[in-house]
Amino acid sequence: MKRTAMIGHLTPAHAGQTVTLQGWVNRRRDLGGLIFLELRDRSGLVQVQVEPDSAAFADADRLRAEYVAEIEGTYQARPESQRKGGLADFEVIATRVKVLNTAKTTPFELEKGDSVAEDIRLKFRYLDLRRPEMQRNLVLRSKAVAAVTEYLDREGFVQVETPMLTKSTPEGARDFLVPSRQNPGEFYALPQSPQLFKQMLMIAGYDRYYQLARCFRDEDLRADRQPDFTQLDMEMSFVELDDVLSTQEGLMAHVFRETMGVDLPLPFPRMAYMDAMNLYGSDKPDLRFDLKFTEVTDLFQGGEFKAFASAQAVKVIAAPELTRKQIDELERIAKQNGAGGLAWLKRDGDGFTGGISKFVTAQAAELIARTGVAQGGTLLFTAGEWKKAVGALGAVRLALRDLFDLAAGGPQFHVSWVTEFPQLEFDDESGTWTYMHHPFTAPHPDDLDLFGTDRQGEIRAQAYDLVLNGFEVGGGSIRIHDPAVQAKMFQAIGFSAEQARDKFGFFMDALEYGTPPHGGIAWGFDRLIMVMSGATSIREVIAFPKNNRGVDLMALAPSPVEPGQLADVGLSVALDNS
Ligand code: ASP
């Protein structure tokens, strides 16, 4: 190899030495007869000076932005007057330049990367990935993988790969299907998660398992979702909830320390789902700032103010002083999130003005006492069905965070657990009970008797979510290992024995052959790296992502296929795409 060092690995100790560097021309400037180049590789950037009488000049003169070049020269300190401290104080005086390859003019200026339309960046992703920001994100990701592997290996976890072409695993999304040529009319499903396989690895005695698993979910896309994504998937035998949580805390702290030098305070705080919803209106509360809700349902029950009198829940948040325009915007957000409206009051002395003030004179003193709202401050209320009222006010809370930059006052990273999720949820649309996490999650042992009663909505699951800065970055549970409890669970969600057998017969068989108590978790690895890197979309931490319409703009996937390929798998396309 001709290269003597990566650019970013040069140090002041190299001063005076002859170096050979290889990389891309970041920029070229001609000044006073000299050519100034910036040469870039993954590790850094250095200025190269080519003097007019140098043997390197003719070749250097051919270089344009993004040409690939090899440069030999002397690494030396820049003239005193141009030094600012740091490695930029050094430059290379070229003695030889070799053009290793030319490049077309790029369709966007790499340095403008962030402000370029995302579709262009995605279409020319190999150019976008040359940008230092993208390289930083992918290197951070790679370091996080290394830290995870190191830690879990030390803790005795065994890395096992599970199949990509498999049977449906229920995680609440649609499956991506793959037709089978050898079994016409039949389909594989791509895994929504390795859930059943990792549980079978516990049945098989592997004790501790992990995998960086590709998962596939056909659902509506958002900034923090992709149709194919990566989970750090783990499972442990002979554990209880506390064991899983403390292993995870050690792992997460290790990853932050190794990759970013950040020490996370341990243990992570835990909050029950009902508290998270009642206090913050979210099952993934951003706890970098407080701003809790106050419960005021009782103050209005059966009272004069009709909108609140019969509401299942009335919640209030004490915001700083707000303009009418800001209140209108917050009301729009509340409505978008399921509220009928957003009632408000402005504190004025010992009472309130504006909004619904004429209806709350009797409650004014108590509202001030409970909320502690400041003079001039605004109270914002949602009322109605509990889940909608808290959810909408939760969205308002996040909008207030953004409006007043509330998270800036807290720690850079706040990690916490949300626990005690409901085992079952009533789905209004289908009029049936369904699982909240997945059907293999163990209920709390004290709540087993509630199955099949009118209180089954109160059954607590031994499930937990890992929350970082308001993002769900992991979720898991202790699993059902008793076939009788598994049968109860299937029954509760309206799965007949035949349906369960048809979908997961292999797994139900396995459960009967000595299943150890076990539990696990999966991290949304892309999402975690997104938050760690400060990016606002997981597309910024995935090398070749799809856009928000699920399209790979570079490879142009999905795409139609040859009729012959369809015939091979016994399919034809019935849609008219014209
Ligand atoms: N399979 C679950 C999920 O993907 C994670 C787990 O329960 O371990 O959400």
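Read the numbers this way: they start at 1 and go in the same order the structure lists the ligands and their atoms.
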>> In terms of relative ring orientation, are Y126 and F124 parallel, tilted or perpendicular, with 30° and 60° separating the classes?
In response: perpendicular
> Is the F490 ring parallel, tilted or perpendicular to the F504 ring (thresholds 30°, 60°)?
Replying inline: parallel
> Is there any salt bridge (Lys or Arg N to Asp or Glu O under 4.0 Å) pair reaching into residues 427-438, and which pairs are they, with sequence neighbours excluded?
Replying inline: none
Donor-acceptor list for residues 398-419 side chains, cut-off 3.5 Å, not counting sequence neighbours:
residue	atom	partner	partner atom	Å
R401	NH1	D286	OD2	2.7
W417	NE1	E249	OE2	2.8

>> Considering only residues two or more places apart or on different chains, which pairs with a residue in residues 190-216 satisfy salt bridge (Lys or Arg N to Asp or Glu O under 4.0 Å)?
In response: K198-D233, K198-E235, R214-D228
> Given D447, which of Q456, Q462, R460 fulfils the side-chain hydrogen bond (donor to acceptor under 3.5 Å, both in side chains) condition?
Replying inline: R460
> Who's touching ligand 1 if we go heavy atoms under 4.0 Å?
Replying inline: E171, S193, Q195, K198, R217, Q231, H437, H438, G475, G476, R479, G520, I521, A522
